[in-house]
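Presented below is the structure to which this report refers.
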Amino acid sequence: MIQNNDFDVPKIVIVGHVDHGKSSFIGRLLYDIGEIQKEKFGELKKASKKRGEEFEFAFLLDALQDERDQGITIDTTRIFFKTKKRKYVFIDAPGHKEFIRNMITGAASADIAILIVDVKDGIKQQTKKHSYLLKLLGIEKVITLYNKMDKISYSESKFLNIKAELDEFLSNIGIESYTSLPISSKKGDNIVSLSKNMRWYHGQSFVEILDGYKIQENNKSEFIRFPVQDIYKLGDKRVIVGRIESGKIKSGTKLIFLPSNESVYVKTLEVWPKAKKEYEVGDCIGITLSDEIFVDKGNMGSDLERPPKLTNRFESRVFWLSKSKILFNKKYLMKINTGEYEVSINKIKKIIDVESLTEKTKINVQKNDICEVVIHSSELIPMDDYSFNKSTSRFCLLDEKEIVAGGIVDIRNYPDQREYKDNFKQNIVPENYAVSEIDRSIRFNHRPGIVWLTGLSGAGKSTIAKNVEKRLFHKNINIFSLDGDNLRIGLNKNLNFSPEDRTENIRRTAEVANLFTKAGFIVLVSLISPYRSERKKARDIRPEIFREIYIEASVEVCSKRDVKGLYAKAIKGEIKNFTGISSPYEPPEMPNLVINTSRCSVEESVRKLEEYILKEFSF
Ligand code: ADP
């Protein structure tokens, strides 16, 4: 059974530039709330005096860590403490050599983030870098501590100046400063109680702020996310164990598990002691299911209404931690939620300069760079977009055992590859056609087919299709050209260009093409159809007569042609989700034919396709 003991202890991560006072702050806090024995404190003070040094609260932390290293207390990276209200844990020991690396793993599950700035020294590169890192790890709210106020004579105006500067940076990267608190760790100002040295400050002390912090605010998603941690066999019961990342679960809740895509009911809750009827974010629970379905570690349980997308391709913002370069032909291990997948990085889209938040011009990603990449996996992975659910969209990448990157998922531009199971088909019995496809083929003297032209807008799909249609019609071929834009005026007029609508657009077009083949036609489909997975679905409707033709031309060539003036608009940002500019295009991996229109003339391109069709579909 699962015991709810330390699971709900809020986890705190503290970040900031080196020497801005992370250790002293923790040392002072522990001392002021009475976690440090008086004797220990006395001993340390005496030792400093002996060495002729002024006592620093950072020593306290060092001393505690030394003891840990000798195995006296728990582990090296966690420091527990208790206020009058509740227990907390710092999940990273500042000053640790591989600090950022720990942040990637540690902060990934932090409930509260603290950013500390030295008011004398000002905002430094690491202040910005670490803030950016927090954002990357899905933390959008920080408690900002303005430390060493004693060094600027507790000046309110100086505090306000630096606060304005930091607030501006934070809001530019999308982080909210939950509270801005002026403190001095050295003197103990505003840590446990309000200091007389800053009467102009009318807020709460640090401990009051901490105790009033509502933990679950970090994840507001109401949709269920239950990543499977493990499966236990208890007698003849199969208990699925995990931590609820969002939403609520009780007995009777309907869940769908991905990637198996099967739905079940929660039969029983296996939690000890059973404190509640319904469990929620942060709760670790075990459940049994109404049916025996295949569920494994790493799978994701969710509600049926809004499950994660299943995808094998996504974009991501990552923090690159390794000295080695990103290698495109290398396999990395991706850990996301409780799952592990083999992935490769296909493309570096952007490298971001943390100082100026602008795009860097260099090509290679170096250690501690932040960049946007496209990641590919051979398996389908259940994934949420970062803007939808922060706690289930963070991951890290490993090379062997080394963590090389941490990042967040951006799948806004990618379609859901999950097969929708519906029950509507139950009472539908298809009629057989009175005239068969073979009868029609014999009369028309050719077989039916779907010739699917994919490529960027302006690559030449419509031009080639129109010309081929004309020429083959004069050769007595029953041919019809279905154009994406034309379908969008009628049948598909309720669809826009979001990944979901593009998917539906392709599905409908493929079904219409299929109907035409039943009538004996060869159908030319001109549709950008940017996603491999969707073109595969179209192929799967009639694989034996489906041919994929890649009309190839680069974004540069197409935007130069700009037949419809759309590229100019897209580059100005006037069109959202424009393929090649603000939405991805995945070229076919194994097309039946490639026509490169930047190398061939229209005449040559048309002839090539005409010959191919005659060869493929003639008797
Ligand atoms: P799409 O249907 O792929 O959006 P269009 O057929 O509307 O593209 O536009 C393609 C443009 O490229 C036309 O202006 C066409 O004249 C030009 N073009 C240049 N070379 C070729 C070629 N080899 N094949 C087809 N079109 C070409």
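When a ligand or atom number is given, it counts from 1 through the structure's own listing order. Because the structure is predicted, anything quoted here is derived from the model rather than measured.
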Could you list the atoms of ligand 1 found under 4.0 angstrom from a heavy atom of [X]?
| X | value |
| --- | --- |
| Ser457 | 4 (O) |
| Ser601 | 23 (N) |
| Leu456 | 3 (O) |
| Ile464 | 24 (N), 25 (C) |

Check for a donor-acceptor pair, side chain of [X] on one end and backbone N or O of [Y] on the other, with a separation under 3.5 Å.
| X | Y | answer |
| --- | --- | --- |
| Ser618 | Lys615 | no |
| Glu372 | Lys349 | no |
| Tyr332 | Leu327 | yes |
| Asn389 | Ser391 | yes |
| Ser436 | Asp439 | yes |

(request) Give the minimum heavy-atom separation between Arg243 and Pro227, together with the two atoms involved. (result)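 Residues Arg243 and Pro227, closest heavy atoms: O-CD, 3.3 Å.
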
(message) Please find the pair of heavy atoms, one from Leu456 and one from Cys558, that lie closest to each other, and give the distance.
(response)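 Closest approach of Leu456 to Cys558, heavy atoms only: CB-SG, 4.0 Å.
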
Look at [atom] and say which protein heavy atom is nearest, naming residue and atom and giving the distance to 0.1 Å.
| atom | answer |
| --- | --- |
| atom 24 (N) of ligand 1 | Thr597 CG2, 3.4 Å |
| atom 14 (O) of ligand 1 | Val563 CG2, 3.7 Å |
| atom 13 (C) of ligand 1 | Thr463 OG1, 3.7 Å |
| atom 27 (C) of ligand 1 | Val602 CG2, 3.7 Å |

(message) Within the structure, is a non-hydrogen atom of Gly458 found at a distance of less than 4.0 Å from ligand 1?
(response)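 The answer is yes: ligand 1 sits under 4.0 Å from a heavy atom of Gly458.
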
Can you figure out which of [options] has its heavy atom closest to [atom]?
| atom | options | answer |
| --- | --- | --- |
| atom 2 (O) of ligand 1 | Ser526, Ser462, Cys558 | Ser462 |
| atom 26 (N) of ligand 1 | Ser605, Gly460, Cys600 | Gly460 |
| atom 17 (C) of ligand 1 | Lys461, Glu604, Glu603, Arg561 | Arg561 |

(message) For a side chain to side chain contact (heavy atoms under 4.5 Å, CB included) check, start with the C-alpha distance between Ser393 and Phe388, then their side-chain angles and the critical distance, and finish with the verdict.
(response) CA-CA 9 Å; Ser393 53; Phe388 178 69; over 6 Å; no

